Student: 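Structure below; questions to follow.
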Amino acid sequence: MTSRGDLRIAEDVRSEASTRLHELLSRHPASGGRKVIVRIGIRTVITLAPEAEGTIRASLDDVSNVFRDVVTIVEFTVDAALGGRYEVTCERVMRTPAKAQSAPHQQAADLPRDGQQSEPTQPGGIDADDEPYLLVLSFGSLRFEYLLESRPNWVPLFRPDAIGDVPDALVIPRSMAPVPSGRLIEVRFSGGVLRMRRTQARPGAVTVAVNGSQLTADKAGDRVDDRRGTIEYRSSPGGQPCTLRYELVVWQAGALGPAGRPDQGDGSPYQVVLTVAGVTGTLEIAPPPSGERARSRSFPIPTSTPQSPHRDIHTQVLYTRGAGRVSVTADWHVKIYRCATPQHAAWLRTYLRTQAVLIEQINATAGGTPQAPPWAIAPVHVIPPHSGRSLPTTDFAFGERDISDDPENRLSAWFGVTGKPQPDCFVIVVSPLLNKVEWPDSEHRTNAPGGEQLPALAALAAGLDACHDRDLAHCDVKPDNVCRYVQPDGSTGYVLVDGDAVTRLSGSVSALRFTPAYASAEIIARARQVRAPDRPDVPLKALDLREHDRFGFVLVVLTAVVGRDRIAGLIAENHDGKREIDVPDAVERAFRFYWSDEWRPFVDELLTPFEPDALVGDNWTAERWLKELDTSGTPARPEEIELAKEPPAPGQHARHIDEIRAEVRESTPGRADWLPEVIKKIKEHQLQVAREGYRKVVRFGAISLIVALIVLVGVILG
Amino acid sequence: MVLKAYRGTWLTRLKTAVKEEHPPESFDSSISHVIADWVAREQPASRLAKPRAEEHIRGYLDAAFRVGRKRGWACYWTFWFPLSVVIIAIAIAILIAKM
């Protein structure tokens with residue numbers, strides 16, 4: 001059993017190794033078609049569990065996949081005499097010529113090995129050399145689609161009989177119970193020729209025939225000439241058959257079938273297993289809200305082909321919520337992506353896992369962890385495939401309805417594609433659910449700018465600067481992508497919630513995604529220029545993406561301190577297609593009009609980013625600008641001035657309201673405890689106020705009684 | 001006896017009635033940060049939060065005040081008013097007897 005201390009060491013090692021690898025690759029990226037080989041040495045005082053080593057390797061793969069032409073060699077060593085708990089070294093070993101690219105494993109094998117383990121890993125991505133095909137398997141009206149790339153190696157086509165990730169295989173879903181489980185056949189698609197062969201598994205128990213001819217275990221395999229036909233599984237001679245129809249069609253990039261009418265079934269959740277920082281729990285994903293339809297979205301996935309560095313993966317996305325106590329968070333925001341084939345889903349999963357690691361590193365610079373803020377970007381966790389599923393059993397009696405009704409195919413129903421029950425085509429990404437509040441409008445900013453929001457924006461600023469220091473750009477910083485939320489202590493926090501557009505500063509223009517409404521005029525103009533049809537795909541360095549991010553950040557800050565409606569007005573296009581935000585004089589006039597002269601220094605600082613080229617280069621940082629704004633926007637010792645000047649609360653019960661505030665401040669020093677204390681004090685003062693109201697009426701009654709008594713005494717005395 | 005009835009009956013009932021007007025155990029997310037800013041007394045957050053927070057709190061106090069007044073009137077109509085009427089009636093009876 002792995003102890004909590006071991007888990008902590010493994011997590012620390014993973015974080016340290018990923019950060020070091022990223023820093024090294026940022027400093028020394030591959031160039032000129034040459035590969036970079038990096039050796040990562042991990043020495044620990046204890047033996048790490050195999051799962052922990054797997055997690056560390058996966059995390060390093062995620063980092064190396066961001067860069068092109070990288071081979072990593074990971075070596076784990078146990079050293080009880082180590083000074084600390086662990087030691088991580090990361091060094092570039094050698095560069096090899098481009099002609100050796102096809103055999104990175106061989107290159108790694110030639111290197112000296114002095115550790116316990118040495119295992120090179122190949123960078124992920126699509127091999128875009130040959131035209132791919134789509135292998136469509138049909139069972140009745142159900143369709144299962146796989147991308148078939150031209151490759152010399154044999155790939156198993158099977159229904160798994162054990163839980164686990166199976167790389168480089170065509171996996172039939174576990175719910176397809178009529179197909180006998182186990183690695184029974186393998187396929188090879190090379191040079192436009194499809195071949196199949198029977199493996200040595202369960203030779204007497206199951207026979208497989210393609211187009212009527214029984215498959216043999218011949219090493220070369222049987223050539224399948226027909227583009228469509230049948231694959232028949234039969235359980236022992238004379239047993240029950242299961243027939244799949246197959247069809248080989250040319251793959252059309254971006255061909256993702258349309259989503260249909262969502263079917264929420266009986267409202268049952270979809271269960272997955274989530275692990276956050278070593279803590280594992282079950283997450284129940286609720287069906288999407290009724291009326292929610294899948295939206296289209298595409299991702300630029302890096303490929304291993306220099307001529308086409310990016311290829312778009314088209315997906316459909318649904319948003320919903322999840323519940324499950326994992327780590328400190330119990331409520332989750334869930335994004336479900338549907339891809340065309342399991343292969344596309346695997347690439348997207350790797351891409352998103354890479355983004356998740358980068359986000360984790362950026363948050364670490366702001367002082368956040370995967371479990372707790374402050375965060376610059378909301379942390380994301382990618383659910384591993386086959387998560388939360390039980391072992392499959394073969395059942396020839398299973399029909400189409402049984403298969404589409406299986407709990408693992410709820411996602412297909414939610415997307416309205418019950419005819420394609422392939423859970424491996426879905427990628428699930430979760431983030432902690434934040435207690436979102438609306439952005440303030442100008443009605444709350446009439447007397448003064450909302451300078452009190454500036455400290456809450458500090459983590460965002462630090463994260464953005466860290467992003468740029470690591471050669472990354474967020475590319476879609478805008479108020480809509482920043483969640484304003486209430487932290488447990490009642491204060492406001494700001495966090496970027498959409499890291500899908502994160503890209504390298506040194507990437508190519510084809511990878512750039514941005515929202516023009518929140519981009520500066522310079523960026524829009526330059527993007528048009530470099531994307532002109534007669535221009536090749538030039539590096540993004542032609543565009544300073546830091547300027548683009550910074551402009552978005554400035555708009556976020558302005559929205560927080562000036563008011564959402566005012567900024568929306570400034571970025572809206574008028575009838576000429578022009579925006580006020582692009583005219584510095586117009587912005588200055590507007591800001592000077594909002595508040596009195598006492599805020600002039602603050603307004604001056606607010607306007608500095610609108611000066612020509614103010615946001616370009618290394619001199620401007622979001623953190624520094626925010627600090628300067630904070631200094632110019634907050635008078636010295638404001639609370640004392642405020643306490644001395646502040647008039648009592650006007651209106652009824654003013655005394656009680658003032659007393660509540662004073663008593664709360666007196667009895668509770670920390671902001672986190674103020675809210676419960678306010679509630680307690682309100683309750684106490686409610687009773688006092690009620691008694692006052694009661695006594696007022698009772699005094700009137702007493703007067704009437706006294707009058708009656710005076711009358712009585714008067715009558716008695718004569 | 002009067003004082004006992006006043007304290008033991010009416011004020012105890014008043015306390016129970018006011019409980020129904022108490023705020024919830026936690027504030028709604030839309031107001032919690034406003035209340036916290038208001039308590040903070042920091043410029044300019046507090047100045048902006050002040051009207052909203054005080055209006056919110058005043059709502060609870062107003063509700064309690066209405067409950068107190070209602071209970072006061074109940075006390076008046078069931079206790080003070082009949083007593084006053086009885087005393088006036090005695091005075092009128094004495095007056096008639098003297099005449």
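Letters A, B, ... are given to chains in the order of the sequence lines, protein chains preceding strands, and every chain is numbered from 1. Remember, it's a predicted structure, so these values are computed and weren't measured experimentally.
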Student: Which atoms of B:Lys98 come close to chain A, meaning under 4.5 Å heavy atom to heavy atom: side chain ones, backbone ones, both, or neither?
Tutor: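 When you check distances to chain A, only side chain atoms of B:Lys98 fall under 4.5 Å.
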Student: Test side chain to side chain contact (heavy atoms under 4.5 Å, CB included) on A:His653 and B:Tyr60 and set out the steps.
Tutor: CA-CA 10 Å; A:His653 317 306; B:Tyr60 292 116; over 6 Å; no
Student: Identify, with sequence neighbours excluded, every residue that meets side chain to side chain contact (heavy atoms under 4.5 Å, CB included) alongside A:Tyr319.
Tutor: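 Once residues adjacent in sequence are excluded, the partners of A:Tyr319 under the side chain to side chain contact (heavy atoms under 4.5 Å, CB included) criterion are A:Glu292, A:Arg295, A:Arg297, A:Val317, A:His333, A:Lys335.
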Student: Which distance, rounded to the nearest 0.5 Å, do you find between the CZ of B:Arg58 and the NE2 of A:His656?
Tutor: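 One finds 11.5 Å between CZ of B:Arg58 and NE2 of A:His656.
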Student: I'd like to know which of B:Arg69, B:Lys70, B:Lys19 tops the heavy-atom pair count under 4.5 Å against chain A.
Tutor: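 Highest number of heavy-atom pairs under 4.5 Å: B:Arg69.
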Student: If I compare all heavy atoms of A:Val698 with all of B:Cys75, which pair ends up nearest, and what's the gap?
Tutor: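 For A:Val698 and B:Cys75, the tightest heavy-atom pair comes out as CG2-SG, 4.2 Å.
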Student: Is A:Lys696 in contact with chain B via its backbone, its side chain, both, or neither, using a 4.5 Å heavy-atom distance?
Tutor: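 Side chain only.
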Student: Which pair of non-hydrogen atoms, one from A:Ser704 and one from B:Ser84, has the smallest distance, and what is that distance?
Tutor: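 Smallest heavy-atom distance, with atoms named: OG-OG, 3.5 Å.
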Student: So, taking the atom named CH2 in B:Trp73 and the one named CZ in A:Phe700, what distance separates them when rounded to the nearest 0.5 Å?
Tutor: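 Output value for this atom pair is 5.0 Å.
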Student: Is it the case that the side chain of A:Gln686 and the backbone of B:Glu21 share a donor-acceptor pair, with hydrogens and angles ignored and the cut-off at 3.5 Å?
Tutor: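 Between the backbone of B:Glu21 and the side chain of A:Gln686 there is a qualifying donor-acceptor contact (under 3.5 Å).
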Student: If you count heavy atoms of other groups shown closer than 6.0 angstrom to CD of A:Glu684, is the number above 12?
Tutor: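 Counting other residues, nucleotides and ligands, CD of A:Glu684 exceeds 12 neighbours.
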Student: If you measure from CD1 on A:Ile703 to CH2 on B:Trp80, what distance do you get to the nearest 0.5 Å?
Tutor: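 These two atoms lie 11.5 Å from each other.
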Student: Got a second to check how far B:Leu61's CG is from A:Leu687's CG, nearest 0.5 Å?
Tutor: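 One finds 11.5 Å between CG of B:Leu61 and CG of A:Leu687.
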Student: Using a cut-off of under 4.5 Å for heavy-atom pairs, which of A:Ile660, A:Leu709, A:Ile682 has the most such pairs with chain B?
Tutor: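 The answer is A:Ile682.
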Student: Tell me, side chain or backbone of B:Tyr76 under 4.5 Å from chain A's heavy atoms, or both, or neither?
Tutor: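 Contact with chain A is through the side chain of B:Tyr76 alone.
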Student: For A:Lys680, does the NZ atom sit with more than 12 other heavy atoms under 6.0 Å from it, leaving out its own atoms?
Tutor: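 No.
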Student: Looking only at heavy atoms, what is the nearest atom pair of B:Gly72 and A:Tyr694, with distance?
Tutor: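 For B:Gly72 and A:Tyr694, the tightest heavy-atom pair comes out as N-CD1, 3.3 Å.
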Student: Extract all donor-acceptor atom pairs below 3.5 Å that involve side chains of residues 710-718 of chain A and protein atoms in other chains or at least two apart in sequence.
Tutor:
none

